[in-house]
Amino acid sequence: MGIAFLCREFLQQDTAQLKFKRSKKPSKLPTVFTHQEATEVINHIPYPFKLATQLMYGSGLRLNETLRLRVEDIDLENSALTVRSGKGDKDRQSLLPRSLHDALKTQIEKVQLLHNEDLRNGFGNVYMPNAIARKYPARSKSLGWQYLFPANKLSIDPRSDKKMRHHVMDRTLQSYVRKALLQTSIVKKAGCHTFRHSFATRLLEAGTDLRNIQELLGHTDIKTTQIYTHVAGLHHSGVISPLDR
């Protein structure tokens, strides 16, 4: 493509008759934890980062999707959560593990205590998308719009120059996951996104329809989701190595 562009745009040569194909990005299988490995890593992470990691594994969330969750995105009654403006600026719903209900209730209570303190100190605003901020300006101080994983300190928001409470930084959670991995015997090249890969693989192994997994992950193209069939298929194909015979 680079040579064709050079010939066409700079050398003014006709490239219409050239038969060339676009290079394809090499396809790599995702790294996946076993359930025991995922649990082991999670158990080495302190609260509340442990809860955030559990949501990545239990709900298939990306790192930033997890950290950007608001209190009102958690639906305990229906065991669901809403991802706002995920990849491709799309909203979607995913599973909310029932085993996390109590921990989420506790986290929301802590967010409320912190938010009440901010309000008493004359703060309490949180960042809101421009369209919503213009339509509902008062909601920036509501509990529902507060981040589920708020930062420890207030900071100046560069978009509005207002002092408010942001969510915890992505590098902070990444650091805790790296430290947890070092405390285990796992030698896989893994990180936060490995929990999302593991979520999809576990669902596929359990017989969940590929289309349902696609919706839960927020994939635009089913081909992106199909990569997990290669990972899960290795363990459920029934093929036996000749050495084991």
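For reference, positions follow the sequence shown, starting with 1. Keep in mind that the numbers below use all heavy atoms, side chains included, and drop hydrogens, waters and symmetry copies. Computed from a predicted structure; not experimentally measured.
- Not a single donor-acceptor pair under 3.5 Å links the side chain of R165 to the backbone N or O of N125.
- Annotation: side chain of Q174 is in contact with side chain of L63 (closest heavy-atom distance under 4.5 Å).
- In this structure, H219 contributes its side chain and E215 its backbone to no donor-acceptor pair below 3.5 Å.
- Between T184 and E37, the closest side-chain pair of non-hydrogen atoms is not below 4.5 Å.
- At a threshold of 4.5 Å between non-hydrogen side-chain atoms, the residues L76 and K105 count as touching.
- For R211 and Q214, the side-chain atoms include at least one donor-acceptor pair closer than 3.5 Å.
- In terms of modelled atom types and a separation under 3.5 Å, the side chain of S59 and the main chain of M56 share no donor-acceptor contact.
- Using a distance-only test at 3.5 Å, with no hydrogens or angles considered, a donor-acceptor pair links the side chain of S198 to the main chain of T194.
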Worked check of side-chain contact (heavy atoms from CB on, under 4.5 Å) between K50 and N43: CA-CA 7 Å; K50 177 179 181 178; N43 287 338; 3.5 Å; yes
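- More than 12 heavy atoms of other residues, nucleotides or ligands lie within 6.0 Å of NZ in K188, so this atom counts as buried by the packing criterion.
- Taking each heavy atom of L210 and Q226 in turn, the nearest pair found is CD2-CG, 3.4 Å.
- Contact annotation: the side chain of I213 approaches that of L204 to within less than 4.5 Å [non-hydrogen atoms, C-beta and beyond].
- Side-chain atoms of T220 and K90 include a donor-acceptor pair closer than 3.5 Å.
- In this structure, H197 has its ring center under 6.0 Å from that of Y228.
- Put simply, the side chain of R62 never gets that close to the backbone of H193: no donor and acceptor are under 3.5 Å apart.
- A cation-pi arrangement is absent between R196 and F199, since the terminal nitrogen or guanidinium carbon is not both under 6.0 Å from the aromatic centre and inside a 45° cone about the axis.
- With a 6.0 Å radius and a threshold of 12 heavy atoms from other residues, nucleotides or ligands, Y136 has its OH atom at or below the threshold.
- Under the 3.5 Å distance criterion, with hydrogens and angles disregarded, no donor-acceptor pair is assigned to the side chains of N121 and D118.
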Could you list the donor-acceptor pairs under 3.5 angstrom formed between side-chain atoms of residues 79-86 and any protein atom two or more places apart in sequence or on another chain?
from	atom 1	to	atom 2	distance (Å)
S79	OG	R98	NH1	3.2
S79	OG	H101	NE2	3.1
T82	OG1	Q93	NE2	3.4
R84	NE	D73	OD1	2.9
S85	OG	D89	OD1	3.2

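- Side chains of D221 and T224: no donor on one and acceptor on the other come within 3.5 Å.
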Worked verdict on I74 versus L96 for side-chain contact (heavy atoms from CB on, under 4.5 Å): CA-CA 8 Å; I74 304 300; L96 182 64; 3.8 Å; yes
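- With a 4.5 Å cut-off on side-chain heavy atoms, Q112 and V71 do not count as touching.
- In this structure the side chain of F195 never reaches within 4.5 angstrom of the side chain of L61, judged on heavy atoms.
- Within the 6.0 Å centre-distance limit, the rings of F49 and Y176 are counted as a close aromatic pair.
- With a 4.5 Å cut-off on side-chain heavy atoms, Y57 and R202 count as touching.
- A donor-acceptor pair under 3.5 Å is absent between the side-chain atoms of S142 and the main chain of A138, judged by distance alone.
- Taking CD1 of I45 as the start and OG1 of T53 as the end, the distance is 3.5 Å to the nearest 0.5 Å.
- In this structure, K141 and F123 have side chains that are not in contact, with every pair of non-hydrogen atoms separated by 4.5 Å or more.
- In summary, the side chains of H166 and S155 do not present any donor paired with an acceptor at a separation below 3.5 Å, with no hydrogens or angles considered.
- With sequence neighbours left out, the side-chain hydrogen bond (donor to acceptor under 3.5 Å, both in side chains) criterion links N64 to no other residue.
- The line from CG of D170 to OG1 of T66 is 11.0 Å long, rounded to the nearest 0.5 Å.
- With T39 contributing its side chain and H35 its backbone, the two residues share a donor-acceptor pair below 3.5 Å.
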Audit row: L55, F149, side-chain contact (heavy atoms from CB on, under 4.5 Å) steps and yes/no: CA-CA 12 Å; L55 286 172; F149 299 104; 4.0 Å; yes
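- Formation of a donor-acceptor pair under 3.5 Å by the R70 side chain with backbone atoms of L148 is not found in this model.
- Remark: R68 is not positioned above the aromatic ring of Y147, lacking an NZ or CZ atom under 6.0 angstrom from the ring centre and at most 45 degrees off the axis.
- No salt bridge links R120 with E117; every basic N to acidic carboxylate O contact stays at or beyond 4.0 Å.
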